[in-house]
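Worksheet: one structure, shown below.
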Amino acid sequence: MASNSSKGRTALEKFLRVDQVEYDERPPSISNADPFIEEEPTVGEFLRELTPTVHDIALYFYNLFPFLSWIGKYNWIWLVGDLVAGITVGAVVVPQSMAYAQLAQLPVQYGLYSSFMGVLIYWFFATSKDITIGPVAVMSQVTGNIVLHAAQVIPDVPGHVVASALAVIIGAIVTFLGLIRLGWIVEFIPLPAICAFMTGSGVNIIAGQVPKLMGIKGVNTRAATYEVIIQTLKHLGSSQIDAALGLTALLMLYIIRFTCSTLAKRQPNRAKLFFFISTLRTAFVILLYTAISAGVNIHRKDDPMFSIIGKVPRGFTDTGAPEINTTIIKAFSSELPAAVIVVLIEHISISKSFGRVNNYIIDPSQELVAIGVTNLLGPFLGAYPATGSFSRTAIKAKAGVRTPFAGVITAIVVLLALYALTAVFFYIPNAGLAAVIIHAVGDVITPPKVVYQFWRVAPHEVIIFFAGVLVTVFSTIENGIYTTICVSFVVVIFRLFQAKGSFLGVVRVRTYKANVHDGTGSPGSIAQEVSADENESSLRAGFLPLDHSDGSNPKVIVRSPYPGVFIYRFAEGFNYPNATHYLNHLTRSIFKECRRTDPALLGRLGDRPWNDGEPRHIKEVTDDNRPILKAVILDFSTVNNVDVTSVQALIDVRNQLDRFAAPEVVDWHFANVENRWTKRALAAAGFGFRTPHDSQAGQWRSIFSIADLGGDDSAATAVALGDKAAQVSVKQDIEAIDSNSQGSEKGFGKSPSSSTRLIAVQGLNRPYFHLDLQEAVDAAVSNAEAKQH
């Protein structure tokens with residue numbers, strides 16, 4: 001098959017009239033080791049890897065319903081844990097969802113509809129046991145903005161119809177992204193951007209709820225956050241009796257949480273009890289103030305003393321297919337991207353966070369399917385957009401949830417509330433719901449210590465954080481989202497385009513062992529005893545930047561491996577955005593450190609390029625002690641893929657340096673090339689092979705690594721005994737075996753015995769592709785020594 005493929009390529013090259021360049025691919029003849037010829041990857045092989053098998057297709061559909069993998073193992077112990085967690089979350093979600101529905105500019109029952117459908121549907125598709133789906137503060141705020149905007153554009157369409165249509169469209173988009181397995185797209189949004197968006201949104205929501213908390217009227221709570229704060233302060237004197245209920249409810253929520261947290265630390269054996277008391281504080285406060293409200297307003301329903309929710313219909317009153325048409329979609333199309341982003345980043349960030357904390361892995365793509373289907377089906381019962389809730393997820397995790405089935409228990413609690421408690425909901429004070437929202441949203445604001453940690457890790461990301469917060473406060477939540485994402489993207493692009501490689505040098509290092517006391521004694525008794533590792537394998541070559549830009553000890557002397565031989569390591573890949581920047585740095589440094597091999601080849605002054613850097617009278621320069629350029633070693637340890645642009649730039653630099661080193665030819669060695677397609681691309685450009693030169697024919701040496709496969713001294717035997725695997729780097733003559741192996745020089749232990757079977761690690765047909773830097777340096781230095789200059 002390989003020969004047919006080769007013939008096909010040759011025929012294609014003839015048809016396209018491609019200049020055929022023959023490279024010396026003959027492997028060296030070795031008598032005591034098995035050679036290895038590396039084959040190029042083919043397009044057919046690539047397509048076969050992409051084409052799913054029948055098993056892959058079956059597995060894809062099986063993974064769409066993760067509950068199939070654990071439902072058969074469900075047991076009574078899991079059920080008890082799910083019951084406790086489900087009931088606990090249900091007690092929290094009922095008051096929270098009603099409060100968030102008001103944020104969405106909808107009657108409170110729509111929050112209950114969304115909560116019911118969220119927890120009921122999610123468990124079928126979930127890969128996280130902790131996530132609770134339902135109305136959340138930020139998404140409700142975004143939905144409220146859309147509902148208010150639609151009310152101006154299409155005033156004849158009710159707000160809940162717009163909200164349900166929005167949920168369907170969001171659900172369709174997110175489901176599609178999940179089905180085609182694009183869950184990784186969320187990784188484009190970094191943590192500081194998420195924190196900025198959450199913090200700015202939290203401030204926005206709290207500012208908008210203060211007027212309701214205080215009973216202040218006449219404040220446009222949908223204006224920019226700073227305007228809402230200013231208007232609230234101006235009207236602070238017109239506060240109503242609602243403030244008495246709202247402020248005391250908010251204070252009670254914080255007092256209960258602080259008290260339970262303090263007692264849990266003092267009495268660890270009762271920590272679980274205090275946790276449940278703290279968790280149920282929202283339900284307790286709402287019930288308390290509902291009772292107070294009922295006692296005050298039971299005989300004055302038509303003229304209540306303070307603002308209350310009012311009549312809440314019993315059961316599901318808006319079941320049916322959601323109304324969707326182009327007019328409704330156009331009304332919120334401009335805000336749709338922000339709404340989709342909010343759903344994605346809230347849900348995925350929360351699920352990944354709790355997965356790490358509780359030691360399980362979530363599938364982001366499958367989570368998109370779960371949240372998408374939830375929003376697709378929810379509107380059939382009147383739900384508006386829902387996503388993962390951080391506060392309820394944290395409660396669910398701490399309550400001891402065992403499986404996603406706990407969502408069904410929560411759905412039953414919400415269902416009971418819809419049919420049995422609607423008469424009680426009539427008296428819930430709006431100021432109490434505002435206190436619930438402020439108390440819940442306060443937790444999403446990023447604390448100063450976290451921002452300081454951002455500063456310690458990456459100072460520039462603090463700028464991104466504050467940019468997002470300030471734009472949200474002085475503009476809108478949507479603009480804050482776009483700002484953080486755009487700035488983060490610009491930072492990534494800047495890093496990619498301005499990536500700078502480093503020149504490496506060689507330093508001999510040895511492993512030392514230090515016995516460090518644990519410091520339990522007196523401060524003066526802490527001591528370190530340093531002893532050298534006498535094992536020969538501990539003495540090795542280390543490669544450090546010549547300028548110590550990696551933070552290594554500047555007192556360590558790092559030397560060039562050989563005059564005229566350069567080692568260059570790429571920083572962040574090698575592709576079209578940064579190839580020119582890398583190679584400009586490479587060539588500038590080489591021209592500075594090396595002299596031209598034969599200045600006479602430049603010709604007369606009039607024949608030189610206008611930007612040539614050589615002096616006017618070259619013959620006058622007789623004291624230039626700089627070496628001539630002999631070889632360039634490229635470390636591809638950070639490079640995964642290359643492209644046409646980057647390879648072409650490499651070809652151009654090769655030609656440029658060949659002219660600089662003429663009549664000599666610069667050798668190009670590559671180390672740590674791990675991608676087969678990268679090797680194919682480089683080989684297609686003529687890299688990886690010996691550059692033919694008549695005067696050097698038969699004089700160059702091929703250096704490669706071999707591994708031992710059998711015998712008592714083999715690597716497999718050494719691993720079985722718990723020792724380090726032996727690796728031998730052998731310097732071979734192109735015509736015959738050099739009896740003096742370099743294995744002993746590198747200190748890798750004993751030479752292989754006669755019973756040991758040796759085999760080449762990498763393809764011998766491309767001798768300038770090396771296993772590691774040490775092998776590349778050995779090859780470059782060996783051939784540099786053989787050159788005439």
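Small disclaimer: the values here were computed from a predicted structure and weren't measured.
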Can you tell me how far apart [atom1] ([X]) and [atom2] ([Y]) are? Round to the nearest 0.5 Å.
{"X": "Ile341", "Y": "Ile194", "atom1": "CD1", "atom2": "CD1", "value": "11.0 Å"}
{"X": "Ser389", "Y": "His347", "atom1": "OG", "atom2": "NE2", "value": "11.5 Å"}
{"X": "Asp363", "Y": "Lys352", "atom1": "CG", "atom2": "NZ", "value": "11.5 Å"}
{"X": "Ile185", "Y": "Ile348", "atom1": "CD1", "atom2": "CD1", "value": "11.5 Å"}
{"X": "Met98", "Y": "Ile309", "atom1": "CE", "atom2": "CD1", "value": "5.0 Å"}
{"X": "Ile216", "Y": "Asp242", "atom1": "CD1", "atom2": "CG", "value": "10.0 Å"}

Looking just at side-chain N and O atoms, do [X] and [Y] make a donor-acceptor pair shorter than 3.5 Å?
{"X": "Glu367", "Y": "Thr127", "value": "yes"}
{"X": "Tyr360", "Y": "Ser128", "value": "yes"}
{"X": "Gln102", "Y": "Asn430", "value": "yes"}
{"X": "Tyr289", "Y": "Thr248", "value": "yes"}
{"X": "Ser97", "Y": "Tyr110", "value": "no"}

Worksheet item: Do Lys301 and Phe426 meet the cation-pi criteria used here (NZ or CZ under 6.0 Å from the six-membered ring centre, within 45° of the axis)?
Response: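 Because its charged atom sits under 6.0 Å from the ring centre and within 45° of the axis, Lys301 does stack over Phe426.
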Taking all non-hydrogen atoms of both residues, which atom of [X] and which atom of [Y] are closest, and how far apart?
{"X": "Val413", "Y": "Ala91", "answer": "CG1-N, 4.3 Å"}
{"X": "Thr422", "Y": "Pro313", "answer": "CG2-O, 3.6 Å"}
{"X": "Ile362", "Y": "Ser351", "answer": "CD1-OG, 3.6 Å"}
{"X": "Val147", "Y": "Ala104", "answer": "CG2-O, 3.9 Å"}
{"X": "Pro135", "Y": "Tyr384", "answer": "CB-OH, 3.1 Å"}
{"X": "Gln366", "Y": "Pro66", "answer": "NE2-CD, 3.6 Å"}

Determine whether a donor-acceptor pair (N or O, by modelled atom type, separation under 3.5 Å) exists between the side chain of [X] and the backbone of [Y].
{"X": "Asn297", "Y": "Arg300", "result": "no"}
{"X": "Thr374", "Y": "Ile121", "result": "no"}
{"X": "Ser349", "Y": "Ile345", "result": "yes"}
{"X": "Gln240", "Y": "Ser238", "result": "yes"}

Worksheet item: Which one of Ile395, Val94, Val436 satisfies the side-chain contact (heavy atoms from CB on, under 4.5 Å) criterion with Thr282?
Response: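 Looking at Ile395, Val94, Val436, the match for Thr282 under the side-chain contact (heavy atoms from CB on, under 4.5 Å) is Val436.
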Item to complete: Determine the sole option in Thr476, Ile481, Ile477 for which the side-chain contact (heavy atoms from CB on, under 4.5 Å) test with Asn479 is passed.
Response: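 Filter result, single survivor: Thr476.
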Given side chains that start at C-beta, do those of [X] and [Y] come closer than 4.5 Å, heavy atoms only?
{"X": "Ile485", "Y": "Phe188", "result": "no"}
{"X": "Phe390", "Y": "Val138", "result": "no"}
{"X": "Tyr427", "Y": "Pro304", "result": "no"}
{"X": "Trp184", "Y": "Pro364", "result": "no"}
{"X": "Asn358", "Y": "Asp130", "result": "yes"}
{"X": "Val457", "Y": "Gln453", "result": "yes"}
{"X": "Val285", "Y": "Ile256", "result": "yes"}
{"X": "Trp123", "Y": "Ile71", "result": "yes"}

Discussion item. Thr483 vs Thr472, test: side chain to side chain contact (heavy atoms under 4.5 Å, CB included). Steps then yes/no.
Written reply: CA-CA 9 Å; Thr483 298; Thr472 303; over 6 Å; no
Worksheet entry | Sub-6.0 Å ring centroid separation between Tyr254 and His439 |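 Yes.
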Discussion item. If you take the centroid of each ring, where Trp contributes its six-membered ring, are Phe405 and Tyr74 closer together than 6.0 Å?
Written reply: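 Yes.
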Item to complete: Give every residue pair that meets the side chain to side chain donor-acceptor pair (under 3.5 Å) criterion with at least one member in residues 396-419, sequence neighbours excluded.
Response: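 Pairs touching residues 396-419 that pass the test: Asp82-Thr403.
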Check the surroundings of atom [atom1] in [X]: do more than 12 heavy atoms from other residues, nucleotides or ligands lie under 6.0 Å from it?
{"X": "Trp70", "atom1": "CH2", "value": "yes"}
{"X": "Phe67", "atom1": "CZ", "value": "yes"}
{"X": "Lys217", "atom1": "NZ", "value": "no"}
{"X": "Arg456", "atom1": "CZ", "value": "no"}

Distance-only check: which donor-acceptor pairs under 3.5 Å involve side-chain atoms of residues 197-211, not counting sequence neighbours?
residue, atom, partner, partner atom, Å
Thr199, OG1, Cys195, O, 2.8
Thr199, OG1, Thr446, N, 3.0
Thr199, OG1, Thr446, OG1, 2.8
Ser201, OG, Phe197, O, 2.7
Asn204, OD1, Gln141, NE2, 2.6
Asn204, ND2, Thr225, OG1, 3.0

Worksheet item: side chain to side chain contact (heavy atoms under 4.5 Å, CB included) between Leu106 and Tyr113: does it pass, once the steps are laid out?
Response: CA-CA 12 Å; Leu106 300 174; Tyr113 301 159; over 6 Å; no
Discussion item. Determine whether Ile286 and Leu433 satisfy the following criterion, side chain to side chain contact (heavy atoms under 4.5 Å, CB included), listing intermediate values before the conclusion.
Written reply: CA-CA 8 Å; Ile286 289 296; Leu433 291 181; 4.1 Å; yes
Discussion item. Would Glu461 and Ser488 count as a side chain to side chain contact (heavy atoms under 4.5 Å, CB included) here? Give the steps.
Written reply: CA-CA 8 Å; Glu461 295 202 273; Ser488 300; 5.8 Å; no
